[in-house]
Amino acid sequence: MTLQRKIFGLVLLLLLALALTLPFTVSNYMLRVCNMTMITYMCVVSLFVIFGMAGQISFAQAGFWGVGAYISAILTVKLHVSALVALLASGLGTAAFAAILGLALFRLHGHYFGFATIGVVMILNGLFQNWKPVTGGADGIANIPPFAIGSLEFASETSLFYLIAVAVIIISIATYVIYRSSLGRAFMAIRDNEIAAKCMGVNCYQTKVIAFAISGLYCGIAGSLFAFVSSYISATSFTFMQSSLYLVMLMLGGYHSLPGPIVGTALLMMLPEWFRFLQEYILLIYGLGVMLLMVVMPDGLIGGGKQALESYRNKRKGVANVAQK
Amino acid sequence: MSPKNNPVMVLEKVCKRFGGVVAADDVSFELEPGQIRGLIGPNGSGKSTTLNLISGICDVEPGIILLDGEDITKKAIHERARMGIARTFQHPRLLSRCDIKTNLFLGHDLGNMRRASGASQEIDQSVDELLDVAGLKIGMDDSIKTLSYGQQKLLEIIRAILTKPKVFLLDEPAAGINTREMDRIRALIAIAIRNKAAVLLVEHSMDLVMSLCDIITVLNFGCVIAEGVPAEIQGNEAVIEAYLGRRRHA
Ligand SMILES: Nc1ncnc2c1ncn2[C@@H]1O[C@H](COP(=O)(O)OP(=O)(O)OP(=O)(O)O)[C@@H](O)[C@H]1O
Ligand SMILES: [Mg+2]
């Protein structure tokens with residue numbers, strides 16, 4: 001897929017160039033928005049893995065994000081564990097949680113899995129909200145110390161920016177590697193034709209659990225970073241609404257290829273900043289946008305763009321053929 | 001037939017019911033490496049169901065299926081695939097949203113897995129050779145949607161051959177394709193045979209069945225009504241009755 005590779009390479013390069021220079025060119029506030037965008041991007045990529053690749057729609061992602069955030073918050077604030085260990089624990093803990101959940105939920109087929117994940121995010125939100133001794137209840141958890149590796153502290157917005165950028169790049173590359181691997185092909189086989197996948201030796205149940213665990217890993221890491229960035233977390237962040245937003249971002253960018261999550265997340269996170277004056281109507285605009293998108297460009301901006309490019313090429317080819325005759 | 005009697009697969013009184021419909025009724029036969037068994041019969045006689053029972057898509061109830069002497073009747077679809085049962089479908093089941101490369105690699109992945117567990121060796125042909133035999137001049141990055149129906153069927157056969165199957169089930173490979181593609185299918189089946197597969201060919205085209213098959217099983221209403229070499233089947237009263245009784249184009 002040379003075109004896809006080119007696009008992906010280009011986007012990655014742009015991202016890298018941006019990453020190196022951004023902290024010097026934008027305000028602290030904008031940098032905070034960028035940090036939140038990158039954290040959101042990780043969750044959207046997690047949805048790309050479970051939905052875009054493996055075809056299993058999940059609304060649990062914001063719940064996983066919360067699990068990751070609470071693991072890091074509790075470990076550092078209450079148990080005084082080092083931040084790096086907390087980050088790893090968030091990633092692995094959330095992955096394990098998703099895997100166990102997957103073992104139960106992938107007994108369900110088709111849409112029923114998706115419905116069940118709605119329950120998951122709601123139950124998790126209720127738990128965050130009400131399990132006072134552990135999650136702090138409605139008060140949440142405050143005074144989360146800044147992220148640190150040994151004596152190297154990531155307290156400033158700029159240093160956090162680089163920290164998160166590293167995580168984003170690692171997750172992007174990992175996802176790309178999975179996409180090209182036999183595991184990624186197994187995901188896509190399940191998405192496109194489960195019977196064919198089984199007949200080609202894919203253990204669909206196990207493979208779906210793996211996809212869900214990977215998506216949990218990404219969300220867990222994103223959640224941990226979110227806890228360190230905001231130093232305060234509460235249940236209000238980890239909602240069904242947030243999960244739906246991830247889905248909208250993925251659909252906007254396009255869920256067939258890797259650049260989709262980048263484009264979709266960046267657009268939806270940045271738009272409200274650019275169109276401040278429309279803030280009151282932002283949800284209305286989102287809603288209308290989603291409906292319009294599904295009608296006009298069901299494959300998202302990347303998919304739609306590719307299609308336009310292809311039909312343009314075919315038209316030129318057609319013209320050339322006619323000219324030859 | 002040549003009774004080498006060294007079957008890789010044995011079906012023993014295999015049955016399947018869908019509500020009141022008996023789709024397979026005490027079906028028994030054997031498959032031998034390097035041989036082609038034809039499975040024919042009128043529409044709805046249980047041919048596809050028999051393939052589904054062998055590949056595990058339907059549960060056998062009751063009956064026994066043996067692969068290399070091992071009872072696989074209770075095994076999951078993917079386990080059977082890993083043991084070397086490959087198949088194509090009456091309507092091609094490709095990864096519709098992936099490119100051609102990904103579809104072929106899926107076969108490669110299973111082939112690798114089987115080789116890693118020592119269950120099989122490398123096939124002699126490269127993907128390019130197979131595509132050449134199939135006459136598929138296609139870009140590896142093209143979407144599956146750019147392929148014609150016949151090309152999809154050919155690609156599905158190649159995907160199965162890449163797994164180096166012990167047992168290769170083909171469900172009406174020649175339905176809905178043109179004569180040139182028919183020859184390509186013959187050539188691909190010949191390659192599967194050279195790789196020592198035992199082929200079970202479901203097909204309505206009598207031309208293809210009579211010229212390719214070493215032995216033929218005829219089904220009607222889920223029952224085996226005849227078995228024999230092509231010449232025997234062509235003159236068999238019960239077979240003619242079954243086909244004429246429920247007339248269909250061959
Ligand atoms: N999944 C199913 N559920 C219910 N009935 C089924 C199912 N699959 C097959 N049948 C029934 O079993 C019988 C045998 O069907 P099968 O598809 O095996 O026939 P076939 O020999 O492949 O026919 P054709 O030549 O039309 O492909 C038919 O009566 C069919 O309606
Ligand atoms: Mg059939």
Side-chain angles (χ1 to χ4, degrees), chain A residues 1-8 48 51-55 106-107 109 176 178-210 254-258 260 298-300 302-303 306-307 309-311 313-314 317, chain B residues 51-52 54-58 75-89 91-114 116-117 119-120 139-146 152 155-156 159-160 162-165 168-169 171:
Chain A
M1 183 119 283
T2 49
L3 180 70
Q4 201 163 337
R5 220 181 221 172
K6 264 184 216 157
I7 292 177
F8 187 70
F48 173 76
F51 178 54
M53 277 205 261
F106 284 120
R107 304 255 167 225
H109 286 275
Y176 184 70
I178 292 170
Y179 187 73
R180 318 279 305 182
S181 72
S182 61
L183 183 64
R185 281 190 287 279
F187 289 168
M188 291 185 270
I190 292 173
R191 175 194 69 193
D192 283 0
N193 203 318
E194 202 161 330
I195 296 271
K198 286 179 179 169
C199 287
M200 297 310 286
V202 175
N203 182 344
C204 289
Y205 176 63
Q206 192 189 353
T207 308
K208 285 180 197 171
V209 171
I210 292 172
Y255 59 105
H256 290 324
S257 59
L258 263 170
D299 289 338
I302 294 286
K306 238 191 238 171
Q307 225 165 24
L309 197 74
E310 223 154 86
S311 69
R313 272 197 199 141
N314 286 347
K317 248 189 245 165
Chain B
L51 296 199
N52 288 344
I54 296 172
S55 52
I57 294 170
C58 295
K75 288 210 186 298
I77 304 172
H78 69 267
E79 289 173 312
R80 299 188 200 197
R82 289 175 189 185
M83 292 174 79
I85 299 178
R87 68 169 294 173
T88 67
F89 295 88
H91 299 288
R93 284 179 179 271
L94 294 162
L95 311 189
S96 52
R97 274 155 55 184
C98 294
D99 55 12
I100 286 157
K101 185 176 54 205
T102 307
N103 273 276
L104 288 173
F105 272 150
L106 195 64
H108 233 46
D109 290 340
L110 178 56
N112 284 338
M113 199 191 297
R114 280 169 46 62
S117 66
S120 129
M140 291 297 258
D141 295 331
D142 290 352
S143 143
I144 283 297
K145 288 170 191 145
T146 63
Q152 290 189 25
L155 193 71
E156 205 188 21
R159 184 176 73 179
L162 285 172
T163 70
K164 194 165 197 229
F168 187 13
L169 316 168
D171 200 347

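A, B, ... follow the sequence lines: proteins, then strands. Residue 1 opens every chain.
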Any side-chain heavy-atom pair of N103(B) and R185(A) under 4.5 Å: no

Closest non-hydrogen atom pair, V202(A) against H78(B): O-CB, 3.2 Å

Reported CG-to-CZ distance for the pair L95(B) and F187(A), which is rounded to 0.5 angstrom: 14.0 Å

For chain A, the option from G139(B), A86(B), C98(B) that forms the most heavy-atom pairs under 4.5 Å: C98(B)

Neighbours of chain B found in residues 192-201 of chain A - heavy atoms under 4.5 Å: D192(A), N193(A), I195(A), A196(A), K198(A), C199(A), M200(A), G201(A)

Segment of I57(B) engaging chain A (4.5 angstrom heavy-atom cut-off): side chain

Per-residue contact mode, R159(B) against chain A (heavy atom under 4.5 angstrom): both

Contacting region of T163(B) [heavy-atom separation from chain A under 4.5 Å]: side chain

Under 4.5 Å from any heavy atom of chain A - which part of R97(B): both

